Undergrad: 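Below you'll find the structure I mean.
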Amino acid sequence: MPQTYRVTLLPGDGIGPEIMAVAVDVLNVVSQQHNLQFEFSEALLGGAAIDATGSPLPEETLAVCRQSDAVLLAAIGGYKWDNLPRHQRPETGLLGLRAGLQLFANLRPATILPQLIDASSLKREVVEGVDLMVVRELTGGIYFGEPKGVFETESGEQRGVNTMAYKVSEIDRIGRVAFEIAQKRGKKLCSVDKANVLEVSQLWRDRINALAPEYPDVELSHLYVDNAAMQLVRAPKQFDTLVTGNLFGDILSDIAAMLTGSIGMLPSASLGASGPGLFEPVHGSAPDIAGQDKANPLAQVLSAAMMLRYGLDQPAAAAQIEQAVMQVLDAGYRTGDILAEGMAEGMKLTGCQAMGAALLDALRG
Ligand code: IPM
Ligand code: MG
């Protein structure tokens, strides 16, 4: 009997449905080869959900996600919904899903692939060999802290408020995830905060230091977030695993992503203490190229690999997908976003569907 997994698919908006279709094809081929069976159900999130139901996160979507073994998301958002009130925006649906599934740990790897080194905007010698992991806290900090809102002052002026807040329990649980990941990687953890200015960051730093003795094999360091941003572009190879709060992690993971040359290549995993994880590309819904068969499906496919590795404990199937991605890159297939100028020789400009077909060929050997 094959091992059966219930996987909820959230294709979302923009290029989402095109890249999701490629990932599903890949999963179906891999499942045959590893004696797995996927029961896919599709649900609405983001703009697609707003159009169909009025809400960016319909209750039914949260319910079907909760009942599944893993959730695979493509991307949400688009110009069409940009001016709606905040509670109806696609992003609010994504934040509600993260909170609803209590996915407090967001793993964002940034690995430079030798085939794509010239796509990076940084010099080859700076980025060659970069292999880092940003562990971002995802259900706390300024994204969720109270009070929040736009209030009126006594003099009748509007005042916008958000609150950066972390409890000890929230810092400790993300800290433990990060130390454990560092243990499995290069055994170096850098915690990023703004402890020179913010009280919440001082507590963060104190707690991360308090956890350190439990992980004597991990070398711990701390950086202020402004310095960390600078170090990431100056000398990214000094980093192995980074851990930081929600907002700093949002910003630093985009910087880390771009070291690799294209955000179109990077997957992510969001995990809770129990229940299904959520797996999604770091990039957005790219509404400017939606429906034109130009999208790069590789981050979506690599997100499916992360789902197999971190969500379903099927590392062999995950590795097979990752190898297939290497193979198509070695063979010269490139979507527009990873076709750097001046390296077009021997490269094949490839659409989303053709990239999918090349992956299936690689998987079938
Ligand atoms: C991300 C995105 C989201 C975030 C937005 C779309 C809400 O930028 O996943 O990094 O800020 O977390
Ligand atoms: Mg972001």
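Values in this document were obtained by computation on a predicted structure and should not be read as measured data. Keep in mind that the numbers below use all heavy atoms, side chains included, and drop hydrogens, waters and symmetry copies. Both counts, for ligands and for their atoms, begin at 1 and track the order of listing. FYI, the numbering just counts along the sequence from 1.
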Undergrad: Checking side chain to side chain contact (heavy atoms under 4.5 Å, CB included) between M265 and each of T335, L116, V282, which is the one that passes?
TA: L116
Undergrad: If you leave out waters, which protein N, O or S atoms are less than 2.8 Å from the Mg ion (ligand 2)?
TA: D250 OD1
Undergrad: For the side chain of T61 and the backbone of E59, is there at least one donor-acceptor N/O pair under 3.5 Å apart?
TA: no
Undergrad: Between D51 and K80, is there a salt bridge with N-O shorter than 4.0 Å?
TA: yes
Undergrad: Among residues two or more places apart or on two chains, list those pairs meeting salt bridge (charged side-chain N to carboxylate O under 4.0 Å, His left out) that have a residue in residues 225-239.
TA: K194-D226
Undergrad: For the backbone of F38 and the side chain of S31, can you confirm whether one donor and one acceptor N or O come within less than 3.5 Å of each other?
TA: no
Undergrad: Taking A165's backbone N and O only, do any of them form a donor-acceptor pair with T163's side chain (distance below 3.5 Å, no angle check)?
TA: no
Undergrad: Whether the side chain of S303 engages the backbone of E280 through a donor-acceptor N/O pair (distance < 3.5 Å, no angle test) should be reported.
TA: yes
Undergrad: List the protein residues in contact with ligand 1, where contact means a heavy-atom separation under 4.0 angstrom.
TA: E91, R98, R108, R136, Y143, D250
Undergrad: Is there a donor-acceptor pair under 3.5 Å between the side chain of Y215 and the backbone N or O of Q183?
TA: no
Undergrad: Counting only pairs under 3.5 Å, give me each side-chain donor-acceptor contact of residues 133-141, with atom names and distances, residues two or more places apart or in other chains.
TA:
| residue | atom | partner | partner atom | Å |
| --- | --- | --- | --- | --- |
| R136 | NE | N246 | O | 2.9 |
| R136 | NE | N246 | OD1 | 3.0 |
| R136 | NH2 | Y143 | OH | 3.3 |
| R136 | NH2 | N246 | OD1 | 2.8 |
| E137 | OE1 | T139 | N | 3.2 |
| E137 | OE1 | G140 | N | 2.8 |
| E137 | OE1 | Y166 | OH | 2.8 |
| E137 | OE2 | T139 | N | 3.3 |
| E137 | OE2 | T139 | OG1 | 3.4 |
| E137 | OE2 | G140 | N | 3.3 |

